[in-house]
Every structure is written in C-alpha cells, then in structure tokens.
Amino acid sequence: MYTQLDIESHFEGKLKIAYLNQPDTMNALTKPSLSDLKDFVKECNEDPTVRCVAISGRGRAFCSGQNLDDAFVNGKEHHDHDIIRKIVTDYYNPLVLEITRCRKPVVALVNGPAVGAGAMLALISDFVLANDKAYFAQAFSNIGLIPDTGGTYFLPRLMGRQLANYLAFTGKKLSAEESKAYGLVAEVFPEEEFNSKSMEILEKMANMPTAAIKLTKKAFANSYNNTLKEQLDLEADLQQEAAETEDFIEGVNAFLQKRKPDYKGK
C-alpha cells in the first residue's frame, strides 16, 4: 500500500512504525512520501487496535528535508512563483495537522541527521527519542527559506523566541545531547542501544491507557490559547471524561488489587 514507507507492526498490532525508506537520499521528502506518511498516520488514528505510532528512517539518516529535485522537477518549475506554496499547502500542512491531531501518541525515532523539514517532522511529534549520533538543523535559511512544517509555530513554543530565532537564522546544527538540553528531545541513547531502549519505551506506550493520553493531548493543545480559568474548566471536563473510561476502572482495580493493569485503550 505504501510505496515510500517500510511499515513494522509490533505487540499484536498495538504499535505501528513507519520508516522513511529512501536511504540513498537520506530519506529526503517527496510528494509521494509526504502523502504516504499522512495516510499512514490517518490509518493508525482510525484503527482501534493501534495504540502507539512511531516514525523513523532507514539507513543512516532520519530525514534530510525536502528533496529539491522532486520539488522543482530538475529546475523546470523553478519559475512557477506558486510552486512552494502548493507543496506546503497540499503536502506538508495536511501531514502536520494529521500528526498533531492524532489521538494516539506519535513518537519520532531519530536515528541520524534530521534537517530542515526532517527536523520539524520529528519535533511536531509528541516526543522525540534520538541516538547519540543524531543531530538537528533548521537548515531552511541556508537556501533562503523560512521554517515550515509547523516550524514557526512550534519552535518558539519549544525553545522560546530568542533560541528559535538563533537556530532559524543561522541553521546551526544541534547534537542530540544539545537538543535534549534545550527541551527538543526526550531521551538520547547510545547508537548501539537505540533500538532496544526505544522499543522498551514504545512497548510501554502501546500498553498505556490510550484514551487518557488522547485527552491529555487535547488539554495540552488547548492550553496555548486558553486563559487559566478556561484551562481549569477544560481539565475538569476532560478529567470526568477520563474517569468514565474502561481504562480508569481497570487502573483503579489494579491498584487496589496490587497487580499490573491490563489497559485496552478504551
């Protein structure tokens, strides 16, 4: 079904991992790969058996950003003044919205360089796990562009205005450890342990109470624009919704019975 992705399924289908599968171009993004990713996330979001979604890259890179040959067809469309707008609105923006609206946790497994749109593909995910050889670079300014793929929205919120400006203006590379120190990355693992350590976290996420995670994501998303009073009211509403789930009942029973909970994501 997906010509640009290599899909893995784990833990009886509760975890789905999509690997960008163009290692010869360091997984540079094309219109087909962006469409495949959007469709993959949408399918996972709608599949009740899927509890966790992950995105990674085959080969030595996570993603090197937009494939310029694909964007300009070897330069033939360079003078079409609207070509970049079309690519952003038709391919990047729908993918960003699909990832950020996903009701399941979306985890970026950054196995190597993440550059430009590739860096933002990771940073718009719910959290990032990286190996210690990975780096992140907002390389848009190097070719005279601005951060897209949600970059102008998320970077100031993740890092603050000053650091966001610095990285966007300079295109400076940040190592995985530097990125963790700035709050862009949740965990960094040695390259040789990356797969096993990441899978431990993904297995945990695939067995968490997914309904509560969905509501947590909704609450965090609304916090950007809500007043404190509005956010407190929303917390009360969403907490009640969480308390009416099967997972909440199972969690309470497991606690009282001193056993490990068996969540179903409902």
Side-chain angles (χ1 to χ4, degrees), residues 1-22 27-58 61-67 70 87-111 114 116-130 147-151 153-154 158 184-186 198-199 201-222 265-266:
M1 178 181 179
Y2 301 111
T3 62
Q4 307 296 303
L5 306 177
D6 186 13
I7 307 297
E8 288 186 0
S9 179
H10 299 269
F11 315 124
E12 300 177 327
K14 289 187 284 188
L15 168 66
K16 296 282 188 180
I17 307 176
Y19 291 89
L20 294 166
N21 196 26
Q22 294 78 41
N27 299 316
L29 295 165
T30 62
K31 291 185 282 291
S33 64
L34 290 162
S35 292
D36 271 5
L37 264 180
K38 175 182 68 69
D39 291 345
F40 165 76
V41 176
K42 182 178 181 180
E43 180 183 343
C44 291
N45 193 25
E46 295 173 351
D47 186 343
T49 63
V50 177
R51 310 270 296 281
C52 182
V53 182
I55 300 171
S56 191
R58 292 296 190 202
F62 176 75
C63 178
S64 59
Q66 172 64 42
N67 184 315
D70 175 77
I87 294 173
V88 170
T89 58
D90 293 350
Y91 294 94
Y92 281 96
N93 291 356
L95 173 60
V96 172
L97 292 174
E98 202 67 55
I99 289 174
T100 56
R101 291 172 178 171
C102 185
R103 295 186 296 273
K104 323 294 173 66
V106 180
V107 182
L109 306 176
V110 179
N111 55 303
M120 287 314 308
L121 176 61
L123 298 178
I124 64 174
S125 300
D126 290 317
F127 61 83
V128 178
L129 306 176
D148 58 23
T149 324
Y153 182 86
F154 283 99
L158 287 168
L184 299 178
V185 171
S198 296
M199 195 59 71
I201 294 172
L202 294 175
E203 182 177 13
K204 179 178 178 64
M205 296 305 303
N207 288 288
M208 292 293 285
T210 315
I213 290 174
K214 174 193 74 173
L215 296 174
T216 302
K217 291 178 66 168
K218 182 177 181 179
F220 284 162
N222 279 274
K266 300 178 182 179

K.L.:
From Tyr19 OH over to Asn111 CG, what is the distance, rounded to the nearest 0.5 angstrom?
P.N.:
8.5 Å

K.L.:
Using a 6.0 Å cut-off, check whether atom NZ of Lys217 has over 12 heavy atoms from anything other than its own residue.
P.N.:
yes

K.L.:
Closest heavy-atom contact between Leu184 and Leu123?
P.N.:
O-CD2, 3.6 Å

K.L.:
Taking Lys16 first and then Glu46, would you say they form a salt bridge - that is, a charged N and a carboxylate O separated by under 4.0 Å?
P.N.:
no

K.L.:
Going by distance alone, is a donor N or O of one side chain under 3.5 Å from an acceptor N or O of the other, for Glu43 and Tyr2?
P.N.:
yes

K.L.:
Could you tell me whether the side chain of Thr100 reaches within less than 4.5 Å of the side chain of Tyr153, counting heavy atoms only?
P.N.:
no

K.L.:
Taking it one step at a time, do Val128 and Phe62 satisfy side-chain contact (heavy atoms from CB on, under 4.5 Å)?
P.N.:
CA-CA 12 Å; Val128 178; Phe62 176 75; over 6 Å; no

K.L.:
Looking only at heavy atoms, which two atoms of Ala18 and Phe40 are closest? And how far apart?
P.N.:
CB-CE2, 3.4 Å

K.L.:
Distance from Cys52 atom SG to Glu203 atom CD, nearest 0.5 Å?
P.N.:
11.0 Å

K.L.:
What pair of heavy atoms forms the shortest contact from Met199 to Leu15, and how long is it?
P.N.:
SD-CD2, 3.8 Å

K.L.:
Val107 versus Asp126: any side-chain heavy-atom pair under 4.5 Å?
P.N.:
no

K.L.:
Could you grab the distance from atom CG of Asn21 to atom CG of Asn27, nearest 0.5 Å is fine?
P.N.:
7.0 Å

K.L.:
OG/Ser35 to CG/Leu5 distance, rounded to the nearest 0.5 angstrom?
P.N.:
10.5 Å

K.L.:
Can you find a heavy atom in the side chain of Thr149 that is under 4.5 Å from one in the side chain of Leu29?
P.N.:
no

K.L.:
Under the 3.5 angstrom rule, does the side chain of Gln22 hit a backbone N or O of Gln4 as a donor-acceptor pair?
P.N.:
yes

K.L.:
So among Lys31, Gln66, Lys38, which one has a side-chain hydrogen bond (donor to acceptor under 3.5 Å, both in side chains) with Tyr92?
P.N.:
Gln66

K.L.:
Please give me the minimum heavy-atom distance between Asp148 and Met120, naming the atom from each residue.
P.N.:
O-CG, 3.5 Å

K.L.:
Taking side chain as C-beta onward, heavy atoms only, is Leu20 less than 4.5 Å from Leu37?
P.N.:
yes

K.L.:
Side chain of Thr210, backbone of Ala206: donor and acceptor closer than 3.5 Å?
P.N.:
no

K.L.:
Nearest heavy-atom pair of Leu121 and Leu95: which atoms, and what distance?
P.N.:
CD1-CD2, 4.1 Å

K.L.:
Kindly say whether Val41 contributes a backbone atom to a donor-acceptor pair with the side chain of Asn45 at under 3.5 angstrom?
P.N.:
no

K.L.:
Using modelled atom types only, decide if a donor and an acceptor are shared between the side chain of Thr30 and the backbone of Ser33 within a distance under 3.5 Å.
P.N.:
yes

K.L.:
Nearest 0.5 Å, please: how far is CG in Asp39 from SG in Cys44?
P.N.:
11.0 Å

K.L.:
Identify the heavy atoms of Phe11 and Leu202 that sit nearest to each other, and give their distance.
P.N.:
CE1-C, 4.3 Å

K.L.:
Look up atom CD1 in Ile213 and atom CZ in Arg103, then write down how far apart they are to the nearest 0.5 Å.
P.N.:
14.0 Å

